[in-house]
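In what follows, chains are A, B, ... by sequence order, proteins preceding strands, each numbered from 1.
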Protein chains: 2
Amino acid sequence: MKSRIETDGYGRKKVIDACMEPCAIERGMRIIGGKWTGSLIYHLKDGPVRFNDLNRMLGGATKKMIDQRLKELEARGMVLRTVINDRPIAVTYELTELGRSALDILEDLRLWSEKYDIR
Amino acid sequence: MKSRIETDGYGRKKVIDACMEPCAIERGMRIIGGKWTGSLIYHLKDGPVRFNDLNRMLGGATKKMIDQRLKELEARGMVLRTVINDRPIAVTYELTELGRSALDILEDLRLWSEKYDIR
DNA sequence: CCTTTAGGTATAAATAGTATACCTGTAATA
DNA sequence: TATTACAGGTATACTATTTATACCTAAAGG
C-alpha cells in the first residue's frame, strides 16, 4: 500500500507502485464490510446469540442473509456455531478469538458513525 | 445499539432492544464499506490525486465504479473534486475534513487485515 | 385443532458490480 | 501528416448479490 504518483516535467503523473488487485483495506472490507457482516459480529460481542435473535436484532436483514453471512464467518473461523439442543432445535452463534479481534474496528466505526451522524 | 436478549424460565429468549433498521455500524459500513470506497479514501490520504491515477492505483476497479464512488463521496462531503485545468482536462480529488476523519478506521482495518492475513 | 416458535430453505424479482467499448479534446510520436 | 496515447469520463450488456415472500419440519401452548 505504498503506491504513489510522480510528476514529470510536463506535469504528467504516473503511478509508481499501484496496488495490484485487492489491497489490505479492500480485503478487510470484503470480510467485515459485507452487507450486515459488521452488525452481525458486533451483536455477538457479549456472548452467544441464537439465530432468530440475531434475525430480530438486525432489523432489515433477511434470514437468508443472516444465514449466509454466518456461514461465511464460520468458514473463516470468526464465528462458532453450536447446536445446544436437538429435538426442539436450538443453535447459538458466538465469536471466536479471530472474530473478537475485529471488534475494536467496529466499535470505532460505530463511534465515527454516531459522531458525524452518518445516515 | 444496546440491544440484548433476556431468557425466561423456560430457556426462551426475547430481544429487548432490537436495533431498528440500519444501526450505526451498518450505516457506517454502507459509506466506507461499499465496494472500493475504503480503498479510494485511503489512497487519497496523502493529498489530491487525479482520476486516472486512482484508476491505476485500484487495480481491479473499473472507471465506472471509481466514478460512481467518488460521486457518492463528493455528495456526502467527504471528497472534493476540483477541475485544475480545462482544455487538456485535468481533475483532482482530495479528502475533506470529514473524509479525513475516516482514515483512522481504515488504517486500523489495514493493520488488522495484514496481521491476520485476511484474504 | 390452530398458532407460534425454532432454524432454516426455495423462488423470483430488484439492485449492484463488471467487462468492454466508446466519446471529446490535446499532445506527443512515427 | 497520420497514428497513437492520455485525460476524464459515459454507454451498453451482462453477471452476481441482495431482497421479498413464502414455505418446510418438529415441538409446545392455548
Peer 1: According to a strict under-4.0 Å criterion, is B/Asn52 in side-chain N/O contact with OP1 or OP2 of D/dG8?
Peer 2: yes

Peer 1: As a test of reading the structure: which of D/dG9, C/dG7, D/dT21 is closest to the side chain of A/Thr62, going by heavy atoms?
Peer 2: D/dT21

Peer 1: With a cut-off of less than 4.0 Å, is there a side-chain N or O of A/Arg69 near OP1 or OP2 of D/dT18?
Peer 2: yes

Peer 1: Start at the 5' end of DNA chain D and walk down; is the nucleotide closest to A/Glu72 or to B/Val91 reached first?
Peer 2: B/Val91

Peer 1: To the nearest Å, how far apart are A/Ile84 CD1 and C/dG8 P?
Peer 2: 12 Å

Peer 1: Using a 4.0 Å heavy-atom cut-off across all strands, classify B/Lys35 as base, sugar-phosphate, or nothing.
Peer 2: sugar-phosphate

Peer 1: Under 4.0 Å: is that the gap between some side-chain N or O of A/Arg50 and OP1 or OP2 of C/dG8?
Peer 2: no

Peer 1: Under the salt bridge (Lys or Arg N to Asp or Glu O under 4.0 Å) criterion, do A/Asp53 and A/Arg56 qualify, and how do the steps go?
Peer 2: CA-CA 5 Å; A/Asp53 287 321; A/Arg56 282 184 283 264; 3.0 Å; yes

Peer 1: From CE of B/Met65 over to P of C/dT15, roughly how many Å is that when rounded to an integer?
Peer 2: 16 Å

Peer 1: Return the value, rounded to whole Å, for the distance between atom CZ of B/Arg30 and atom P of C/dA16.
Peer 2: 10 Å

Peer 1: Is any NZ, NE, NH1 or NH2 atom of the basic residue among A/Arg69 and A/Glu72 found under 4.0 Å from an Asp or Glu carboxylate oxygen of the other?
Peer 2: yes

Peer 1: Taking side chain as C-beta onward, heavy atoms only, is A/Leu95 less than 4.5 Å from A/Val79?
Peer 2: yes

Peer 1: Any donor-acceptor pair under 3.5 Å joining the side chain of A/Lys64 to the base of C/dT11?
Peer 2: yes

Peer 1: In whole Å, I'd like the distance from the CE atom of B/Met57 to the P atom of D/dG8.
Peer 2: 13 Å

Peer 1: Without decimals, in angstroms, what is the distance between A/Asn85 CG and C/dG8 P?
Peer 2: 13 Å

Peer 1: Counting only side-chain N and O atoms of B/Arg81, is one of them less than 4.0 Å from OP1 or OP2 of D/dG9?
Peer 2: yes

Peer 1: Are any of the side-chain heavy atoms of B/Asp104 and A/Asp108 separated by less than 4.5 Å?
Peer 2: no

Peer 1: Would you say C/dT18 has OP1 or OP2 under 4.0 Å from some side-chain N or O of B/Trp36?
Peer 2: yes

Peer 1: Nearest to the side chain of B/Phe51, which nucleotide is it out of D/dG9, C/dA27, C/dG7?
Peer 2: D/dG9

Peer 1: How many Å lie between CZ on B/Arg87 and P on C/dA27, as a whole number?
Peer 2: 10 Å

Peer 1: With nearest nucleotide decided by heavy atoms, which residue, B/Gln68 or B/Lys63, maps closer to the 5′ end of DNA chain C?
Peer 2: B/Gln68

Peer 1: Looking at B/Lys71, B/Lys63, B/Lys64, which hits salt bridge (Lys or Arg N to Asp or Glu O under 4.0 Å) with B/Asp67?
Peer 2: B/Lys71

Peer 1: Could you give the NZ-to-C1' distance, from B/Lys71 to D/dT10, as a whole number of Å?
Peer 2: 8 Å

Peer 1: Return whichever of B/Ile89 or A/Pro88 has its heavy-atom-nearest nucleotide of DNA chain D closer to the 5' end.
Peer 2: B/Ile89

Peer 1: In whole angstrom, what separates A/Leu58's CG from D/dA20's P?
Peer 2: 14 Å

